[in-house]
There are 2 protein chains.
Amino acid sequence: MENKDAVNALAALAQESRLAVFRLLVRFAPEGLTPGVIGEQLGLPAPTLSFHLKTLAQAGLVTAVQEGRFVRYRAEMPRINGLIAFLTEDCCGGNLQLCTPKGNINE
Amino acid sequence: MENKDAVNALAALAQESRLAVFRLLVRFAPEGLTPGVIGEQLGLPAPTLSFHLKTLAQAGLVTAVQEGRFVRYRAEMPRINGLIAFLTEDCCGGNLQLCTPKGNINE
DNA sequence: TCCATATTTCCATAATATTGGAAATATGGA
DNA sequence: TCCATATTTCCAATATTATGGAAATATGGA
């Protein structure tokens with residue numbers, strides 16, 4: 001991942017509503033959700049939500065698939081994992097145990 | 001970590017110069033670096049760098065310690081690890097292998 | 001004390017992002 | 001075909017952020 005890609009992804013996540021949308025989609029990965037459901041869950045007006053979903057999609061953090069008259073949005077897990085790797089790259093000059101004692105994001 | 005804290009941290013990282021500063025400090029963790037060295041490495045004017053370091057510090061991503069007439073900045077690794085955990089919390093409804101095949105940020 | 005150096009604050013300019021109402025578009029079902 | 005519903009685009013007002021020159025502050029050494 002390049003610096004600019006990472007900045008784009010981080011900027012997409014650095015907004016309260018978008019972060020909530022993304023985390024909801026992470027929770028509902030890999031099935032995904034429709035804007036209708038997302039908006040209902042988070043109490044967001046449709047235009048606002050549409051704007052935020054577009055931003056997340058442009059950053060590569062979610063993908064959209066048309067399903068009849070619905071659109072299914074999904075969290076792009078490889079993307080977020082790539083971002084995470086980028087953030088901790090060469091951590092402590094390679095001496096990992098110095099800064100990530102457990103070394104695992106899932107603990 | 002709360003949503004607002006996460007947004008603060010993400011916003012701090014969502015800027016090209018600041019992301020570069022943070023990653024440099026991650027690489028040089030846990031010793032840290034002074035603004036002089038950072039500015040030289042990244043080609044940033046002192047006032048700009050000072051502004052960005054302050055922003056990173058306010059977000060809890062770096063800490064500053066006075067050392068004589070230098071200030072030593074360090075990446076706050078527990079903070080970034082907390083942010084990473086927050087981003088992937090309840091991923092796939094707990095079915096981790098679905099979205100993080102390797103499950104480890106360091107691979 | 002005085003000076004050189006390290007770092008920060010002040011400030012004005014410029015650029016960018018967020019919001020949601022109203023309207024437009026698209027789709028499937030009656 | 002016509003309608004109800006899902007989603008997006010348009011738009012303008014508002015708010016937030018980045019930049020770096022000039023000046024201020026702080027520290028140790030001479």
Side-chain angles (χ1 to χ4, degrees), chain A residues 3-25 28 31-76, chain B residues 3-25 28 31-76:
Chain A
N3 204 287
K4 270 187 189 169
D5 293 320
V7 167
N8 272 344
L10 289 163
L13 294 171
Q15 204 279 340
E16 200 157 331
S17 298
R18 276 198 301 266
L19 182 55
V21 169
F22 179 75
R23 294 218 311 147
L24 188 62
L25 288 175
F28 282 87
E31 303 84 22
L33 296 171
T34 62
V37 173
I38 299 169
E40 191 182 25
Q41 285 293 311
L42 303 178
L44 293 174
T48 298
L49 176 57
S50 184
F51 168 77
H52 288 314
L53 282 169
K54 194 176 167 187
T55 304
L56 286 169
Q58 280 172 343
L61 288 165
V62 306
T63 53
V65 174
Q66 191 83 35
E67 286 187 4
R69 34 177 188 170
F70 298 85
V71 178
R72 181 168 295 269
Y73 280 90
R74 289 186 173 88
E76 194 64 25
Chain B
N3 204 287
K4 269 187 190 170
D5 293 321
V7 167
N8 272 344
L10 289 162
L13 294 171
Q15 203 279 342
E16 200 157 331
S17 299
R18 275 198 302 268
L19 182 55
V21 169
F22 179 75
R23 295 218 313 147
L24 187 64
L25 288 175
F28 283 85
E31 302 85 24
L33 296 171
T34 61
V37 173
I38 299 170
E40 191 183 25
Q41 285 293 312
L42 303 179
L44 293 174
T48 299
L49 177 57
S50 184
F51 169 77
H52 288 314
L53 282 169
K54 193 176 167 188
T55 304
L56 286 168
Q58 279 172 344
L61 288 165
V62 306
T63 53
V65 174
Q66 191 82 35
E67 286 188 2
R69 39 179 182 166
F70 298 85
V71 178
R72 182 168 295 269
Y73 280 90
R74 289 187 174 87
E76 195 64 25

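Side chains are part of it too, since the values below use all heavy atoms of this structure and drop only hydrogens, waters and symmetry mates.
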If pairing requires Watson-Crick or G-U wobble contacts with both distances under 3.5 Å, which nucleotide is the partner of C:dT25?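 Across all strands, the one nucleotide that pairs with C:dT25 is D:dA6.
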Once you apply the 3.5 Å cut-off to both distances, tell me the Watson-Crick or G-U wobble partner of D:dT19, or none.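 Partner of D:dT19: C:dA12.
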Give one of base, sugar-phosphate or nothing for B:Thr34, where a contact means two heavy atoms less than 4.0 Å apart.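 Sugar-phosphate contact only.
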If you look at every strand shown and take non-hydrogen atoms under 4.0 Å, does B:Arg72 touch a base, only sugar-phosphate, or nothing?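 Counting heavy atoms under 4.0 Å across all strands, no contact is made by B:Arg72.
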Could you state the atom-to-atom distance from [atom1] of [X] to [atom2] of [N] in whole Å?
X       : N      : atom1 : atom2 : answer
A:Phe51 : C:dT16 : CZ    : C1'   : 10 Å
B:Gln58 : C:dT8  : CD    : P     : 12 Å
B:Lys54 : D:dA18 : NZ    : P     : 13 Å
B:Leu53 : D:dT19 : CG    : P     : 13 Å
B:Leu33 : C:dT7  : CG    : P     : 11 Å
B:Ile38 : C:dT7  : CD1   : P     : 9 Å
A:Leu13 : C:dT18 : CG    : P     : 12 Å
A:Arg69 : D:dC2  : CZ    : C1'   : 13 Å

Please report the C-alpha distance between A:Arg18 and A:Phe51 in whole Å, then the side-chain angles of each, then the deciding distance to 0.1 Å, and finally whether the side-chain contact (heavy atoms from CB on, under 4.5 Å) criterion is met. CA-CA 10 Å; A:Arg18 276 198 301 266; A:Phe51 168 77; 4.1 Å; yes
I'd like to know if the side chain of B:Arg72 reaches the main chain of B:Gly32, judged simply by a donor and an acceptor atom lying under 3.5 Å from each other, with no hydrogens or angles considered.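 Present.
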Under 4.0 Å from OP1 or OP2 of D:dT17: is there any side-chain N or O of B:His52 that close?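 So the side chain of B:His52 is outside the cut-off, no N or O lying under 4.0 Å from OP1 or OP2 of D:dT17.
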Below 4.0 angstrom from OP1 or OP2 of C:dT8, is there any side-chain N or O of B:Tyr73?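 The answer is yes; a side-chain N or O of B:Tyr73 sits under 4.0 Å from OP1 or OP2.
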Evaluate side-chain contact (heavy atoms from CB on, under 4.5 Å) for B:Arg74 paired with B:Thr63, printing each intermediate quantity in order. CA-CA 5 Å; B:Arg74 289 187 174 87; B:Thr63 53; 3.9 Å; yes
B:Gln15 side chain, from C-beta outward: closest of C:dT7, D:dT19, D:dT7: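 Of the candidates, D:dT19 comes closest.
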Among D:dA18, D:dT19, D:dT8, find the nucleotide with the atom closest to the side chain of B:Arg18.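 Selected nucleotide: D:dA18.
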Under the side-chain contact (heavy atoms from CB on, under 4.5 Å) rule, what do B:Leu53 and B:Val71 come out as? Steps first, then yes or no, please. CA-CA 11 Å; B:Leu53 282 169; B:Val71 178; over 6 Å; no
On DNA chain C, check which nucleotide each of A:Gly68 and A:Thr55 is closest to and give me the residue with the more 5' one.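 Upstream on the strand: A:Thr55.
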Nucleic acid contacts of residues 40-50 of chain B, taken as heavy-atom distances under 4.0 Å to DNA chain C: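 Only B:Ala46, B:Pro47, B:Ser50 qualify.
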